[in-house]
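Below, all heavy atoms of this structure are taken into account, side chains as well, without hydrogens, waters or symmetry copies. Note that the structure is a prediction, hence the values are computed from the model and not measured. Letters A, B, ... are given to chains in the order of the sequence lines, protein chains preceding strands, and every chain is numbered from 1.
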Protein chains: 2
Amino acid sequence: MPTPDGSTRGRILDAAMLRFARSGFGASVRSIAADAGVSAALVIHHFGSKDKLHEATDEYVLTWIREVKRQSIGLAAGGNLLQVLAAADQYAPLVGYVLRSLQAGGAVGREFTEHMIADAQEYTSEAVREGVLRPSRDEAARVRYLVYSSLGAMLLSVTLDPPRDPEDVSAAMRRFMDELYLPMLELFTEGFLTTRRMLDDYLLYVPDPPAGAQDPADGTPTHDEEEP
Amino acid sequence: MPTPDGSTRGRILDAAMLRFARSGFGASVRSIAADAGVSAALVIHHFGSKDKLHEATDEYVLTWIREVKRQSIGLAAGGNLLQVLAAADQYAPLVGYVLRSLQAGGAVGREFTEHMIADAQEYTSEAVREGVLRPSRDEAARVRYLVYSSLGAMLLSVTLDPPRDPEDVSAAMRRFMDELYLPMLELFTEGFLTTRRMLDDYLLYVPDPPAGAQDPADGTPTHDEEEP
DNA sequence: ACCCCGGCTGAACGGGTGTTTAGTCTGTTG
DNA sequence: CAACAGACTAAACACCCGTTCAGCCGGGGT
């Protein structure tokens, strides 16, 4: 855990992360300073301004996330990094911060989802090669859709029905999973439409998946890809 | 459209809706007053406080939504009310307001999703009866999952990658649909797992869907459906 | 010994906030 | 006409915000 050295600057950074996660990015400099046991002026002295502090906290959280990710490669298979994080209560502040960033549209949220998409890209392409996942007509779009919908559903769930103690976001996520894991799994293994009509109609109407897809795997919209 | 009478109170309500949609609920009373062409004091005079104004605007938006919904029953089939709304540019402010509410976790967001879930409940149960949708082991959970994930994905998409003019949220939603409609349709008709292992394991491990499910369709969690 | 420099603070500044107050209009009612 | 009522406003109030300022400490270099 990259909790910085015991330096005052580090304590401020830690306090900022916690406060931002708990109260959102509107939290006042004074409240962060109080949490860190210093004066508000010192916060500005070290970081220049509140915006700079926000940026520094973003960077701090991002390096932490990268480290966690590096350590738990494979564990997070399937792109469920958020759930891996939530499972370990020590990462609760991290999760809270990420959710706030997704909510506010900040840099952390964007980078977090893009990294998640990139990772999922790898996992799924490997899974397709192994035959446990059906190939898609547009792998990149599929991965993006899956990450957006799972992340978005989780975010919406904890936003509309937040935990009493904003600290305990992991409990809310666990509840979410308990409630909705079954329909998710059902959908993933069986779909829910009984007819191919809608899909075929769409493919007929818009036969071309985005030509500039960053995954050079497929060129043809037909659904038999490379068959070694 | 329940845009209220030309009364000043109505103009303030309208301005509040627009400003809240455009700038979020942190928008100042003075800015709303300026938009409506009145003094800030008058806003308080009419509504008592900013919180009360927020509540009144929520209520105003909700009655508008209910009306639109009543008028376009059937059109919004499948629970894609948001997209129906977005398609008609006249509703752009409504959509913006709803998205802000989903983002902030307000009353409108909660009621909006719950109504959407209730509607989707009806649509899907009818579709299951007609045979175009597979039955689920837990219809209520499935509907909730689908609404959460589609709404959440859309929300996340416009949050992380917002339109330049906050007014033009419908364009962002259209872009979202253009990009991700294919994988969505794919997933819905085919799923993406090639094996039933994960689902069967889960059903074995947690064999009971919530006992109090309001849909008495199926009681047995065993998978004696089609295809061995 | 000096000085200086960086961590650090309390107090203040300037600006924005929601809300209150006092008062001015205008139209209605007795 | 006088009196009241309600829409409406400019100004002020009290507070919170991010930031600045002047100055206090304690330790290291010359």
Round to the nearest Å and state the distance from B/F25 atom CZ to C/dT17 atom P.
17 Å

Can you measure A/I32 atom CD1 to D/dT19 atom P for me and round it to whole angstrom units?
11 Å

Scan A/S28 against the nucleic acid and name what it touches under 4.0 Å (heavy atoms): base, sugar-phosphate only, or nothing.
sugar-phosphate

Rounded to whole Å, CD1 of A/I44 lies from P of D/dC17 at a distance of 13 Å

Out of D/dT19, C/dG18, D/dA7, whichever nucleotide has its closest atom nearest the side chain of A/S49
D/dT19

Specify the residue among A/H45 and A/A41 whose closest nucleotide of DNA chain C lies further upstream toward the 5′ end.
A/H45

Are the ring centres of A/F176 and B/Y145 closer than 6.0 Å?
no

Take atom CZ of B/R30 and atom P of C/dG16, then tell me their distance rounded to the nearest Å.
10 Å

B/H46 side-chain N/O to D/dC8 phosphate OP1/OP2 under 4.0 Å
yes

Pick the closest DNA chain C nucleotide for B/K50 and for A/G37 by heavy atoms, then say which residue is nearer the 5' end.
A/G37

Please state whether the rings of B/H54 and B/F25 are parallel, tilted or perpendicular, taking 30° and 60° as the class boundaries.
parallel

Rounding to an integer number of Å, can you tell me how far A/H54 NE2 sits from D/dT19 P?
13 Å

Measure the distance from CZ on B/R19 to P on C/dG18 and round it to the nearest whole Å.
13 Å

Whole angstroms only, please: what is the CG-C1' distance between B/L53 and C/dT17?
15 Å

Heavy atoms of A/S31 and A/R19 approach each other most closely as OG-CD, 3.3 Å

About how many Å separate CD of B/Q121 and CG of B/L146, when rounded to the nearest 0.5 Å?
11.0 Å

What is the distance, to the nearest angstrom, from the CG atom on B/L42 to the C1' atom on C/dG23?
15 Å

